[in-house]
Amino acid sequence: MGASESIAQLDATFGIAGIARVVAGNGGLPKVVVTGAAAAGEMYLLGGEITSWKPRGREQALFVSAASKWEDGKTIRGGVPVCFPWFGNKADDPKGPAHGFVRAKAWGLDSIAQKGGAVTVSMSTASDEGTRKLWPAEFRLVLRATFGAELIMELEMMNTGSAPLRFEEALHTYFRVGDVTKARVRGLDGIHYLDKTDAFREKTQQGDVVIAKETDNVYLDTEHAVEIEDAAMRRRIRVSKENSLATVVWNPWIEKAKAMSDMGDEEWKEFVCVETCNVGKHGVTLAPAANHTLKTIISIASA
Ligand code: TA6
């Protein structure tokens with residue numbers, strides 16, 4: 001079955017007229033387009049990657065690079081990449097794909113459901129011959145994304161094997177901002193973090209996080225919500241979460257952005273990543289047949 005036929009097949013099976021369709025997106029890649037009463041959104045089967053959320057009456061909340069690649073097996077630059085089963089470099093294999101392998105994998109579409117004005121899209125991926133070569137474990141990973149007045153993301157991990165396993169995970173969200181140099185992230189004051197730009201040295205956050213240079217901080221032992229204050233777009237984006245003990249704040253700044261082939265030289269100004277995670281010492285250990293759900297709820301208010 002060719003790509004266009006399978007897209008038509010998926011649309012026939014899961015599409016909801018006037019609410020959600022499966023269509024060919026960038027690079028001909030299949031995506032779900034949501035046009036619900038409360039919000040519009042998009043989610044690609046490549047990586048189970050959300051690339052758009054626009055609550056009714058509000059501006060787009062997510063950033064996607066104009067230079068992103070759109071190819072099977074490649075990662076999308078922007079939106080909400082799913083990092084799993086490791087974060088950053090693979091500890092025991094520097095050649096392993098950064099941030100794990102599911103963000104470059106084709107996921108399956110499981111369901112599309114409408115409730116009130118919100119639409120929930122559920123996609124999943126699981127262990128197979130390819131994943132076992134990189135990570136010898138049996139798993140099923142489901143991402144449920146609810147596009148409504150809030151964006152709710154639930155990443156459910158199930159250990160489908162007979163041995164305990166340990167993994168890291170992150171919803172690596174790229175939030176669109178008007179001007180990152182005029183934005184700040186609130187809610188991390190006094191929190192310990194590892195500074196990835198300074199050999200992972202442990203430091204303590206003083207006040208709000210302001211972006212005035214390359215920033216790559218892994219905040220530890222933090223379960224509470226944070227807020228992105230975006231003065232240029234006069235809005236506040238609130239990121240609350242459950243079952244997550246770490247938060248990462250990232251912006252590549254000028255030089256790193258220039259060095260990235262899938263990011264425009266000036267695009268570093270247009271986003272900040274605030275990532276809901278379980279990484280490092282907060283990696284999750286799961287017994288056979290057990291499951292764990294990381295949840296994040298995003299809302300926007302005028303500032
Ligand atoms: O989450 C922050 C980070 O780990 C940074 O170190 C930076 O590498 C970023 O992710 C993007 O990673 P990527 O593999 O998508 O280029």
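All residue numbers in this chain count up from 1 along the given sequence. The figures here come from the full heavy-atom set of this structure, side chains too, leaving out hydrogens, waters and symmetry mates.
Side chains of Arg21 and Thr35: a donor-acceptor N/O pair is absent below 3.5 angstrom, by distance only.
Residues Ala137 and Leu165 approach most closely at CB-CD2, 3.9 Å, considering heavy atoms. Heavy atoms only, all atoms of each residue included: Ser244 and Cys277 are closest at OG-O, 2.8 Å. Here the closest heavy-atom approach between residue Arg235 and residue Arg176 is recorded as NH2-O, 3.1 Å. Ser68 and Thr75 get closest at one heavy-atom pair: OG-O, 4.5 Å. When all heavy atoms of Lys69 and Ser261 are compared, the closest pair comes out as NZ-OG, 3.1 Å. Considering all non-hydrogen atoms of both residues, Asn291 and Glu156 come closest at ND2-OE2, 2.8 Å.
In this structure, the side chain of Asn159 engages the main chain of Ala287 through a donor-acceptor pair within 3.5 Å. With hydrogens and angles disregarded, no donor-acceptor distance shorter than 3.5 Å links the side chain of Tyr174 to the backbone of Ser65. Without hydrogens or angle criteria, Arg77 side chain to Met260 main chain gives no donor-acceptor distance under 3.5 Å. Side chain of Gln205 to main chain of Tyr193: no donor-acceptor pair is present (N/O by atom type, distance under 3.5 Å, no hydrogens or angles). The main-chain N or O of Asn243 is found under 3.5 Å from a side-chain atom of Asn278 such that the two form a donor-acceptor pair. Side chain of Trp53 to backbone of Thr146: no donor-acceptor contact under 3.5 angstrom is found. Distance alone, capped at 3.5 Å, is enough to place a donor-acceptor pair between the Thr215 side chain and the Lys213 backbone. Of the possible polar contacts, none joining the Thr293 side chain to the Leu155 backbone as a donor-acceptor pair under 3.5 Å is found. Checking side-chain atoms of Ser52 against main-chain N and O of Leu62 turns up no donor-acceptor pair under 3.5 Å. A donor-acceptor contact shorter than 3.5 Å links the side chain of Arg103 to the backbone of Ala98.
A 4.5 Å side-chain heavy-atom check between Asp72 and Leu29 finds at least one atom pair inside the cut-off. At a threshold of 4.5 Å between non-hydrogen side-chain atoms, the residues Thr51 and Trp70 count as touching. Contact annotation: the side chain of Leu171 approaches that of Val82 to within less than 4.5 Å [non-hydrogen atoms, C-beta and beyond]. Looking at heavy atoms from C-beta onward, Phe271 lies in side-chain contact with Pro252 at the 4.5 angstrom threshold. Side-chain atoms of His282 and Glu168, non-hydrogen and from C-beta on, never get closer than 4.5 Å to each other. In this structure, Asp230 and Phe175 have side chains that are not in contact, with every pair of non-hydrogen atoms separated by 4.5 Å or more. Between Lys196 and Trp250, the closest side-chain pair of non-hydrogen atoms is not below 4.5 Å. Under the 4.5 Å side-chain criterion, counting only non-hydrogen atoms from C-beta, Pro81 is not in contact with His99.
Here the straight-line distance linking atom OG of Ser240 with atom CD of Glu223 works out to 12.5 Å at 0.5 Å rounding. Put simply, CD on Glu227 and OG on Ser299 are 7.5 Å apart, with the number rounded to the nearest 0.5 Å. Between the CE atom in Met157 and the CD atom in Glu169 there is a gap of 8.5 Å [rounded to 0.5 Å]. One finds the NZ atom of Lys90 at 6.5 Å from the CG atom of Leu134 (value rounded to the nearest 0.5 Å). Distance check: Glu267 CD to Phe63 CZ gives 4.0 Å after rounding to the nearest 0.5 Å. Atom NZ of Lys269 is separated from atom CG of Asn251 by 11.0 Å, given to the nearest 0.5 angstrom.
Ring geometry for Trp268 versus Trp253: interplanar angle of 30 to 60°, hence tilted.
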Hey, mind stepping through Asn26 and Tyr44 against side-chain contact (heavy atoms from CB on, under 4.5 Å) and telling me if it holds?
-> CA-CA 9 Å; Asn26 295 331; Tyr44 278 76; 3.5 Å; yes

When you look at Lys256 and Asp216, which way does the salt bridge (Lys or Arg N to Asp or Glu O under 4.0 Å) test go after all the steps?
-> CA-CA 11 Å; Lys256 265 271 169 71; Asp216 198 349; 5.9 Å; no

Criterion salt bridge (Lys or Arg N to Asp or Glu O under 4.0 Å) on Asp208 and Arg186, from CA distance to verdict | CA-CA 5 Å; Asp208 298 341; Arg186 296 219 155 101; 3.0 Å; yes

Evaluate the criterion side-chain contact (heavy atoms from CB on, under 4.5 Å) for residue pair Tyr219 and Val226; output intermediate values, then yes/no.
-> CA-CA 11 Å; Tyr219 293 91; Val226 300; over 6 Å; no

Please step through side-chain contact (heavy atoms from CB on, under 4.5 Å) for the pair Ile50 and Met123, ending with a clear verdict.
-> CA-CA 11 Å; Ile50 300 164; Met123 294 186 184; over 6 Å; no

Output, in order, the C-alpha distance, side-chain angles, deciding distance and verdict of salt bridge (Lys or Arg N to Asp or Glu O under 4.0 Å) for Asp110 and Arg144.
-> CA-CA 10 Å; Asp110 299 334; Arg144 283 183 296 278; over 6 Å; no

How far apart are the C-alpha atoms of Lys281 and Asp221, what are their side-chain angles, what is the distance that settles it, and do they pass the side-chain contact (heavy atoms from CB on, under 4.5 Å) test?
-> CA-CA 9 Å; Lys281 70 174 188 174; Asp221 305 299; 2.9 Å; yes

Go through the steps for Arg132 and Glu138 under the test salt bridge (Lys or Arg N to Asp or Glu O under 4.0 Å), then give the verdict.
-> CA-CA 8 Å; Arg132 289 183 196 106; Glu138 302 306 315; 2.7 Å; yes

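With respect to Asp128 and Lys105, a salt bridge is recorded, a charged nitrogen being found less than 4.0 Å from a carboxylate O. Arg201 has no carboxylate O lying under 4.0 Å from a charged side-chain N of Asp195, or vice versa, which leaves the two without a salt bridge.
Annotation for Arg234: atom CZ does not count as buried by contact number, only 12 or fewer foreign heavy atoms lying within 6.0 Å. Heavy atoms from other residues, nucleotides or ligands lying under 6.0 Å from CD of Glu59 number 12 at most. At most 12 non-hydrogen atoms from other residues, nucleotides or ligands lie less than 6.0 angstrom from NZ of Lys115. The local environment of NZ in Lys182 is sparse, with at most 12 non-hydrogen atoms from other residues, nucleotides or ligands closer than 6.0 Å.
Linking ILVMFWY side-chain heavy atoms closer than 4.5 Å, directly or via other members, places Ile76 and Val272 in two distinct hydrophobic clusters. With hydrophobic clusters built from ILVMFWY side chains whose heavy atoms lie under 4.5 angstrom apart, Val239 shares a cluster with Leu143. Under a hydrophobic-cluster definition in which Ile, Leu, Val, Met, Phe, Trp and Tyr are linked whenever side-chain heavy atoms come within less than 4.5 Å, directly or via other members, Val274 and Ile152 are assigned to different clusters. Clustering ILVMFWY residues whenever any of their side-chain heavy atoms sit less than 4.5 angstrom apart, transitively, puts Val142 in a cluster other than the one holding Leu286. Under a hydrophobic-cluster definition in which Ile, Leu, Val, Met, Phe, Trp and Tyr are linked whenever side-chain heavy atoms come within less than 4.5 Å, directly or via other members, Leu188 and Val177 are assigned to the same cluster.
With ring centers used as reference points, Phe139 lies under 6.0 Å from Phe84.
In summary, of the residues considered (Ile297, Leu294, Ile298, Thr276), a side-chain contact (heavy atoms from CB on, under 4.5 Å) with Lys241 occurs for Thr276 alone.
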